[in-house]
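First up is the structure itself, then whatever we jot down about it.
Everything numeric here is computed off the predicted structure, so don't read it as measured data.
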Number of protein chains: 2
Amino acid sequence: MYYICSMRSRKMYNRVAILRQEKGMSRKELAEKIGVNFQTVGYLEREEYNPSLDLAFRISENFGLPIEFIFSTEPLKPLIEEIIHLKNKLGEL
Amino acid sequence: MYYICSMRSRKMYNRVAILRQEKGMSRKELAEKIGVNFQTVGYLEREEYNPSLDLAFRISENFGLPIEFIFSTEPLKPLIEEIIHLKNKLGEL
DNA sequence: TACATTTATTGTATTTATACAATATTTAGT
DNA sequence: ACTAAATATTGTATAAATACAATAAATGTA
């Protein structure tokens with residue numbers, strides 16, 4: 001199915017899938033916690049559409065992480081790279 | 001004009017108006033910088049609707065401030081209260 | 001292997017964010 | 001007070017987020 005449309009928003013990348021998996025949650029469980037349909041979580045994880053700002057806040061609150069850590073306009077690095085990066089910064093001191 | 005609708009998102013509060021005014025910008029100017037119609041800025045400042053996540057990011061980037069400082073699900077305190085609060089915290093040390 | 005759970009796919013419907021136009025009202029500058 | 005600029009109001013149109021249903025595919029487990 002093809003859609004003809006012009007784009008208003010940039011594509012957003014996110015870490016919802018990894019964060020959810022690290023907590024051993026299913027999409028259904030996460031969906032219930034953040035108050036959306038479980039299929040909506042699927043769309044978000046596949047980055048097929050961007051969450052509303054409120055939904056981004058609910059996800060951020062759920063994981064206890066700032067929005068900017070979970071969502072980005074740039075592709076997000078795997079968590080392991082983030083760790084290495086932080087360790088290196090620490091090592092410099 | 002009345003609309004009948006069920007609500008999916010919480011109302012979001014924001015500091016767009018004050019932040020813009022502190023920079024001495026008009027809505028039109030801000031609108032150009034963040035790439036929306038100037039009337040959209042009006043809607044946002046009046047909190048008549050929530051921005052998309054991408055727009056929130058663009059606003060955040062424009063002001064150089066984290067999303068959580070500009071947007072909140074709770075009514076936001078005036079900046080002056082924020083300052084007093086921070087000064088008190090500093091005084092405690 | 002069979003069964004159950006999770007995830008993906010496709011399709012339709014509704015709500016909300018955004019654009020844009022036209023006019024009214026407010027505010028600031030002379 | 002007059003004028004220009006900024007903001008508000010109202011209305012219509014489109015795009016994107018979300019819900020929901022049904023089915024298919026994948027994955028895990030007895």
key: Heavy-atom pair of closest approach, residues B/Pro51 and B/Leu44   = N-CD2, 3.7 Å
request  = Please report the shortest heavy-atom distance between A/Glu47 and A/Met12, naming the atom on each side.
outcome  = CG-O, 3.7 Å
Please state how far atom [atom1] in [X] lies from atom [atom2] in [N], giving the value in whole angstrom units.
{"X": "A/Gln21", "N": "D/dG28", "atom1": "CD", "atom2": "P", "result": "11 Å"}
{"X": "A/Met7", "N": "D/dA15", "atom1": "CE", "atom2": "C1'", "result": "10 Å"}
{"X": "B/Met25", "N": "D/dA6", "atom1": "CE", "atom2": "C1'", "result": "15 Å"}
{"X": "A/Asn50", "N": "C/dT18", "atom1": "CG", "atom2": "P", "result": "11 Å"}
{"X": "B/Lys11", "N": "C/dT15", "atom1": "NZ", "atom2": "C1'", "result": "17 Å"}
{"X": "A/Glu32", "N": "D/dT18", "atom1": "CD", "atom2": "C1'", "result": "17 Å"}
{"X": "A/Met12", "N": "D/dA16", "atom1": "CE", "atom2": "C1'", "result": "14 Å"}
{"X": "A/Arg27", "N": "D/dT18", "atom1": "CZ", "atom2": "P", "result": "15 Å"}

request  = Tell whether A/Gln39 reaches the base of D/dA21 with its side chain through a donor-acceptor pair below 3.5 angstrom.
outcome  = yes
key: Charged N-O contact under 4.0 Å between A/Arg20 and A/Glu29   = no
ask   = Is the closest basic N to carboxylate O distance between A/Arg15 and A/Glu82 below 4.0 Å?
value = yes
Point-to-point distance, once rounded to the nearest 0.5 Å, from CG of B/Leu53 to CD1 of A/Ile59 = 9.0 Å
Among [options], which nucleotide has an atom closest to any side-chain atom of [X]?
{"X": "A/Ser52", "options": "D/dA17, D/dA6, D/dA16", "answer": "D/dA17"}
{"X": "B/Phe38", "options": "D/dT7, C/dA22, C/dT9", "answer": "D/dT7"}
{"X": "B/Arg8", "options": "D/dT14, C/dT6, C/dT14", "answer": "C/dT14"}
{"X": "B/Thr40", "options": "C/dT18, D/dA8, D/dA6", "answer": "C/dT18"}
{"X": "B/Arg46", "options": "D/dT14, D/dT18, D/dT9", "answer": "D/dT9"}
{"X": "A/Tyr43", "options": "D/dT18, D/dT7, C/dG11", "answer": "C/dG11"}
{"X": "B/Leu55", "options": "D/dT7, C/dT18, C/dT9", "answer": "C/dT18"}
{"X": "B/Tyr49", "options": "D/dA19, C/dT18, D/dA17", "answer": "C/dT18"}

request  = Give a yes/no answer on whether the side chain of B/Asn37 brings an N or O atom under 4.0 Å of OP1 or OP2 in C/dC20.
outcome  = yes
request  = Give a yes/no on whether any side-chain N or O of A/Ser9 is located under 4.0 angstrom from OP1 or OP2 of D/dA15.
outcome  = no
ask   = When you match B/Glu48 and B/Glu29 each to their closest nucleotide on DNA chain D, which lands nearer the 5' end?
value = B/Glu29
query = Going by heavy atoms in the side chains, are B/Phe71 and A/Phe57 under 4.5 Å from each other?
reply = yes
key: Residue whose nearest DNA chain C nucleotide is more 5′ - A/Gly42 or B/Arg58   = A/Gly42
